[in-house]
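All figures in this text were calculated on a predicted structure; none of them were measured in a lab. Letters A, B, ... are given to chains in the order of the sequence lines, protein chains preceding strands, and every chain is numbered from 1.
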Amino acid sequence: MPGAPLVDEELAGFLQSGVSVHAASRGATLVPCLVRGIGCRVSPDRRRVTILLLRPQCGPMLADFADNGHIAFVASRPSTHRTVQLKGTDAEAHAPAPGDRALVKAQHEAFVEDVSRYGYDPGLPRTLLGGDWEDVVAVTFTPTAAFVQTPGPGAGAPLEGGR
Amino acid sequence: MRALTLDAIREGLEGDFPATMATCAADGTPNCAYLSQVEYVDPAHVALSWQFFNKTRRNVLENPVACLNVVDPRTIARYRLVIRYLRTETAGPLFERMKARLAGIASHTGMTGVFRLQGSDVYRVESIERLPGPVLPPPPERRSLLAAVRACAQRIGAVADLQALLDTALACIAENFSVEHALILLRDPAGGRLYTVASRGYPDSGVGSEIPLGHGVIGVAARERTPIRIGFAQAEYAYGRAVRESALREGIALETEIPLPGLADSRSQLAVPIEAFGELLGALFVEAAEDLRFGYDDEDALVAVAGQLGTSLHVLQAAAEAEEAPAPAAAGRAPVAGPPIVVRHFRENDSVFLGGDYLIKGVAGNIFHVLVSDFLAGGRTEFSNRELRLDPRVRLPDLSDNLEARLLLLSRRLAERDAGVRIEKSGRGRFRLALSRPVEVVEVG
C-alpha cells in the first residue's frame with residue numbers, strides 16, 4: 001500500500017491556481033528539451049499530475065516521453081517567486097480530458113491577474129499562454145520526487161509538507 | 001529560410017519574462033530551472049549567472065548540453081536554444097557586466113541580498129528555434145540607431161577644439177538618442193579616478209566632481225573597459241553619494257566639495273569607456289528615469305560614438321601639444337575695478353577658494369594658483385600650454401596628462417563661480433587670464 005501522496009492538498013491547490021508551468025524531457029543521448037505548459041491538473045487522489053502543452057511547441061519532447069518517460073515539471077508563481085519542481089519517470093502523452101479546457105481558461109485568468117498586479121499589460125501573459133485548443137496535448141506522470149525551487153540558497157531542497 | 005542568429009533575438013534576452021533552462025544529470029534525470037539573467041556575449045555565445053551551487057550547475061558540469069527557453073518581452077516570440085557549457089568566468093569584463101546587471105534585476109524583483117553572482121557561465125549556442133505561437137506586433141522603432149551613430153560621428157569628427165568637442169558630443173547624443181542626462185568624465189592618469197569635464201541635463205553641471213576607478217557603474221566600466229548597463233533602479237551601483245562614501249572608506253582621496261550630478265529617480269544607466277589606441281581616456285555615462293531604457297543596440301551605438309569621441313580627444317590633445325607656442329612676452333594689465341577677489345590657496349592639497357567659495361583642488365587648483373601668482377608678480381595675463389606643461393611649479397602627475405582638459409575644467413569652474421576671474425582661450429595652445437576685479441592671494445598652511 002503506497003504512503004501519502006507526494007503532492008499534499010495545499011500543493012495541489014498551488015499547482016492548479018494559475019501558475020507558470022514548464023516540462024522538461026531528455027532524449028536517448030541526454031539532450032534535454034523544455035516546453036512551457038498552458039495549464040496543470042492534479043488527479044483527485046493527488047498521485048498523478050498532468051501538464052497541458054501545445055503540441056507544435058514540443059519538438060522532440062513527446063518522442064522523449066515515449067522513449068523513456070523521464071520528466072521534470074516546474075511550477076512558479078511570478079508574484080511570490082514560489083517555485084516547486086516535481087520529477088517522474090512515467091510521463092505519457094494523451095488527449096486532454098473533457099474538463100481541461102475550462103480548467104485552463106480559469107488558470108489563465110488567475111495567471112493574468114497575478115502578473116497584471118505589478119503593471120503588466122494583460123495582453124502579454126494572454127499572448128504567452130495563447131494557442132489553438134486543437135493543438136493541446138496532455139502529459140501525465142506520477143511524481144516520485146519534489147523539490148523547493150524558490151530562488152535562494154534553499155533552492156533544490158527536497159519538499160517537506162508541500163512547501 | 002536562414003537560420004536565426006543570436007544577434008537577432010538578443011533584445012529578447014532582457015526584460016521581465018524570466019528565461020527557463022533544462023539540464024540533464026548523468027543518470028538521465030532531467031531538471032528544470034528559472035534563470036534570472038541571460039547575457040549576450042557574442043553571436044555564438046551566451047552567459048548565464050551562476051549564483052548557487054544547485055542542480056542545474058551540477059548537471060552541466062556532468063553533462064554540458066542544456067536547453068534554454070526565452071521569451072521576447074515585447075512580442076512574446078518564444079525561442080528554444082540548445083546550448084553547451086564551456087567555462088566559468090569569476091572576474092573580468094563579462095563578470096562585472098553581469099554582476100552590475102544582476103544588481104538591477106535583484107532590486108527589481110525584490111531579491112536584493114539573495115541574488116549574488118558567483119560566476120558567469122559561458123555557453124556556446126548550438127541551435128536556435130523559434131517556437132510557433134501567437135505573438136504581438138513589435139513596438140515601433142523609436143529611431144534608427146545607425147542613423148544616430150552616423151549623425152554623431154559626422155558632427156564629432158568635424159570639431160577641432162576640446163571644449164566644442166565635449167559640448168558637441170553631449171548635444172549629439174541628446175538630439176540623436178533622445179537621452180536627456182549625460183556625463184563625460186576623463187581619467188586622471190595618476191590618481192586612479194575620473195573627473196567630470198562636461199555634463200548635460202542636470203541642475204548643477206558637476207564639472208570637477210570625481211569618481212574612483214572601479215566604483216559604481218561608471219568606475220567599473222572604466223576599470224574593466226567594458227560597457228556597464230543596468231535596466232532597473234538599484235542601490236548597489238548608485239554612483240552618487242554612496243559610491244563616494246565607500247571610496248573614502250577605502251582611503252581614496254576624492255574631490256568631495258563638488259557633488260557628482262545624478263538623477264534622483266534614475267532607473268536605467270549605461271556607462272561606456274572612452275578609449276583611443278588602446279588607452280583608457282575616460283567614460284561616457286547616460287541615464288534615464290524609465291526601466292530598460294537602454295538595450296543591447298543602444299549600448300552598441302553609444303560604444304561606437306564613444307570610439308569616435310575617444311579618437312577625436314586623442315588627436316586634439318596631440319595637436320594641441322604639437323602647436324603649443326610660447327606666449328607673447330608683452331602683456332598689459334587689463335582694467336580692473338571693485339573689491340579684490342581673495343584667492344585662498346591651501347598648500348596641503350592645492351585647494352583654492354575664491355572668497356569663501358570653494359573653486360577646485362589638485363592639479364587644476366595648482367594651475368590656477370600659478371597663473372594668479374604670475375599675474376601678481378609681473379602683470380602677465382597671456383600663457384601657453386607648453387610653458388605650463390614644463391613649469392616645475394605645476395607638477396603635472398603624468399607626461400600623458402591631458403593638460404587641455406585640466407584647463408577646460410578650471411575654465412568651466414571659474415565661469416560657474418562667476419567671481420570676476422576667468423580663463424579664456426586666446427589661440428591654439430594659448431589662453432588668457434581675464435580679471436575684472438583686482439586679485440590677492442592668501443597662502444594657507
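Between B/Cys24 and A/Arg26, the closest heavy-atom pair is SG-CG, 3.7 Å. Between B/Pro134 and A/Gly130, the shortest heavy-atom contact is CD-O, 3.3 Å. Of all the heavy atoms in B/Ala22 and A/Leu34, the pair that sits closest is N-CD2, 3.7 Å. Closest non-hydrogen pair, B/Ala26 versus A/Leu30, comes out as O-CD1, 3.6 Å.
For A/Glu109, the CD atom counts as densely surrounded, since its 6.0 Å shell holds more than 12 non-hydrogen atoms of other residues, nucleotides or ligands. Other residues, nucleotides and ligands contribute only 12 or fewer heavy atoms inside 6.0 Å of the CZ atom of A/Arg55. More than 12 non-hydrogen atoms from other residues, nucleotides or ligands lie less than 6.0 angstrom from CD of B/Glu126. Within a 6.0 Å sphere centred on CD of B/Gln118, heavy atoms belonging to other residues, nucleotides or ligands number more than 12.
For B/Arg74, the part lying under 4.5 angstrom from a heavy atom of chain A is the backbone only. Of the two parts of B/Asn69, the backbone and the side chain both hold a non-hydrogen atom closer than 4.5 Å to a non-hydrogen atom of chain A. Looking at A/Ser25, only its backbone comes within 4.5 Å of chain B, counting heavy atoms on both sides. Within the 4.5 angstrom heavy-atom criterion, only backbone atoms of B/Ala25 (N, CA, C, O) approach chain A. Using a 4.5 Å cut-off between heavy atoms, A/Thr83 contacts chain B through its side chain alone, with no backbone atom that close.
Of the residues considered (A/Gly59, A/Pro32, A/Cys33, A/Ala72), A/Pro32 shows the highest number of contacts with chain B, using heavy-atom pairs under 4.5 Å. Comparing A/Asp132, A/Val74, A/Asp121 by how many heavy-atom pairs each has under 4.5 Å with chain B, the most go to A/Val74. The most heavy-atom pairs under 4.5 Å with chain A, out of B/Leu68, B/Thr75, B/Asn31, B/Val65, come from B/Asn31. Of the listed residues (A/Cys58, A/Pro78, A/Ala23), the one with the most heavy-atom contacts under 4.5 Å to chain B is A/Cys58. Of the listed residues (B/Ala33, B/Gly28, B/Gly133), the one with the most heavy-atom contacts under 4.5 Å to chain A is B/Gly28. Ranked by heavy-atom pairs under 4.5 Å with chain A, the first of B/Val82, B/Asn59, B/Thr23 is B/Thr23.
Summarising the geometry, atom CD belonging to A/Gln57 is positioned 5.5 Å from atom CZ belonging to B/Arg78; distances are rounded to the nearest 0.5 Å. Taking OG1 from B/Thr20 and NE2 from A/His22, the interatomic distance works out to 3.5 Å, rounded to the nearest 0.5 Å. Taking CZ of A/Arg36 as the start and SG of B/Cys32 as the end, the distance is 10.0 Å to the nearest 0.5 Å.
For the pair A/Leu124/B/Leu136, a side-chain contact is recorded, criterion being any heavy-atom separation below 4.5 Å from C-beta on. Inter-residue side-chain proximity for A/Ser76 and B/Tyr34 is flagged as met; some heavy-atom pair is nearer than 4.5 Å.
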Exercise. Are B/Arg80 and A/Val35 close enough, and set up right, to give a side chain to side chain contact (heavy atoms under 4.5 Å, CB included), and what steps lead you there?
Worked result: CA-CA 8 Å; B/Arg80 183 159 57 214; A/Val35 178; 3.3 Å; yes
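The backbone N or O of B/Thr29 lies less than 3.5 Å from no partner atom in the side chain of A/Lys87, so there is not a single donor-acceptor pair.
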